[in-house]
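Please read the structure below before turning to the comments.
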Amino acid sequence: MNTRTALRQRRLTAIVGVALLAAAITGSVVLIGQQSLASASVPPTVSPASLPEADGVIRDEGAVSVFDETPAVTNLDSDLLAAVRAAATAAEHDGVRMHVNSGWRSAEYQQVLRQDAVAEYGSEEEAARWVATPENSEHVSGDAIDLGPLTAQDWLAQRGDEFGLCQIYANERWHFELRPAAVANGCPLMYDDPTADPRTQR
């Protein structure tokens with residue numbers, strides 16, 4: 001009877017040992033898999049400075065006119081570009097110079113800006129208040145332009161609706177989009193920031 005009890009205890013100990021070993025191996029495999037997925041989902045860090053002008057990059061603030069032949073300008077929606085150029089001409093008559101801080105952007109450039117925003121603001125949620133994803137960005141579709149300097153932004157705040165140009169977000173005084181109905185009806189109410197815009201929820 002002692003031999004049988006000892007044999008059962010050894011078998012039980014062996015079974016428990018095998019089960020613990022299997023659990024440890026499974027846990028290690030899952031942990032390694034999660035680490036691999038996490039590292040695979042973190043895109044390589046790319047600097048906007050390393051992207052070419054063909055991606056819509058504007059290297060020097062104030063250096064690009066709305067009349068320049070650069071991808072950030074020429075890849076804009078043609079109606080938006082025509083309205084911006086007409087507004088810039090009228091602003092010039094009022095002694096206000098207008099330049100492009102950002103216009104059309106490639107999806108790659110937009111993704112770099114989004115990654116930079118996450119790093120700067122500390123979370124995807126906070127970054128979304130300032131920079132849209134490539135899939136939802138009006139810059140990637142060519143339907144938005146960021147204009148400067150401050151005097152031009154003020155001029156557009158007062159007269160942009162005459163050209164159908166409207167500030168869309170209260171937190172981005174530089175961001176303008178074409179709203180043709182604004183010529184007759186004035187610009188629509190602004191969203192607080194991009195997270196309140198239904199287009200960014202697509």
Assess the residue pair Asp146 and His139 against the criterion (side-chain contact (heavy atoms from CB on, under 4.5 Å)); give the C-alpha distance rounded to whole Å, side-chain angles, the decisive distance to 0.1 Å, and a yes or no.
CA-CA 9 Å; Asp146 295 347; His139 285 280; 3.2 Å; yes
Are the side chains of Ile168 and Phe176 in contact, using a 4.5 Å heavy-atom criterion?
no
Pair Glu53, Thr70: side-chain N/O donor-acceptor within cut-off below 3.5 Å:
yes
With rounding to the nearest 0.5 Å, note down the distance linking OG1 in Thr74 to CH2 in Trp104.
8.5 Å
Looking at side-chain heavy atoms only, is the closest gap between His99 and Pro149 below 4.5 Å?
yes
Go through it in stages, so that I can follow the logic: the residues are Asp94 and Trp155, the test is side-chain hydrogen bond (donor to acceptor under 3.5 Å, both in side chains), and I'd like the CA-CA distance, side-chain angles, deciding distance and then a yes or no.
CA-CA 9 Å; Asp94 290 344; Trp155 189 92; 2.9 Å; yes
May I ask you to check whether over 12 heavy atoms, not counting those of Arg199, lie within 6.0 Å of atom CZ?
yes
Quick one: do Phe67 and Val64 end up in the same hydrophobic cluster if we chain Ile, Leu, Val, Met, Phe, Trp and Tyr together by side-chain heavy atoms under 4.5 Å apart?
yes
Does any non-hydrogen side-chain atom of Leu113 lie less than 4.5 Å from one of Glu108?
no
Can Val57 be reached from Val131 by stepping across I, L, V, M, F, W or Y side chains whose heavy atoms are under 4.5 Å apart?
yes
With a 3.5 Å distance limit and no angle check, can you tell me whether Asn75 reaches the backbone of Ala72 through a side-chain donor-acceptor pair?
no
Of all heavy-atom pairs between Gly148 and Gln153, which one has the smallest distance, and what is that distance?
CA-NE2, 3.9 Å
Please find the pair of heavy atoms, one from Pro71 and one from Ala54, that lie closest to each other, and give the distance.
CG-CA, 3.9 Å
Using a cut-off of 6.0 Å, state whether more than 12 heavy atoms not belonging to Leu150 lie near its atom CG.
yes
With the side chain counted from C-beta on, respond yes when Glu177 and His175 share a heavy-atom pair under 4.5 Å apart, and no when they do not.
yes
N-O pairing of Asp154 and Arg159 below 4.0 Å
no
What's the spacing between Thr200 OG1 and Asp193 CG if we round to 0.5 Å?
8.5 Å
Validation row: Val100, Ile145 side chains within 4.5 angstrom (heavy atoms)
yes
Same apolar cluster: Val96 and Phe163, side chain cutoff 4.5 Å
yes
Of the non-hydrogen atoms in Cys166 and Arg179, which two are nearest, and what is the gap between them?
SG-CB, 3.8 Å
Between Leu80 and Leu165, is any pair of side-chain heavy atoms under 4.5 Å apart?
yes
To the closest 0.5 Å, what do you measure between CE (Met98) and CG (Leu147)?
6.0 Å
Could you report the tightest heavy-atom contact between Pro198 and Tyr191, atom names first, then the distance?
CD-OH, 3.4 Å
Do any N or O atoms from the side chain of Arg85 and from the backbone of Val66 form a donor-acceptor pair under 3.5 angstrom?
yes
Student check: side-chain heavy atoms of Pro52 and Asp55 closer than 4.5 Å
yes
Give, for atom CG of Asp116 and atom OH of Tyr121, the distance between the pair rounded to the nearest 0.5 Å.
10.5 Å
Which pair of non-hydrogen atoms, one from Gly164 and one from Ala182, has the smallest distance, and what is that distance?
CA-CB, 4.2 Å
Between Trp130 and Asn171, does any side-chain donor sit less than 3.5 Å from a side-chain acceptor?
no
How long is the straight-line distance from CD of Glu138 back to CG of Leu76, given to the nearest 0.5 Å?
12.0 Å
Can you check whether Gly160's main-chain N or O pairs, donor with acceptor, with Gln167's side chain at less than 3.5 Å?
no
Carboxylate-amine/guanidinium proximity below 4.0 Å for Glu135 and Arg114
no
Distance from Glu172 atom CD to Arg129 atom CZ, nearest 0.5 Å?
9.5 Å
For the residue pair Asp197 and Tyr169, confirm or rule out a side-chain donor-acceptor distance under 3.5 Å.
yes
Give the minimum heavy-atom separation between Asp68 and Ser65, together with the two atoms involved.
OD2-N, 2.9 Å
Flag side-chain contact, heavy atom, 4.5 Å: Leu51 against Val112:
yes
Verdict with supporting geometry, Val183 and Asp161, side-chain contact (heavy atoms from CB on, under 4.5 Å)
CA-CA 5 Å; Val183 174; Asp161 59 353; over 6 Å; no
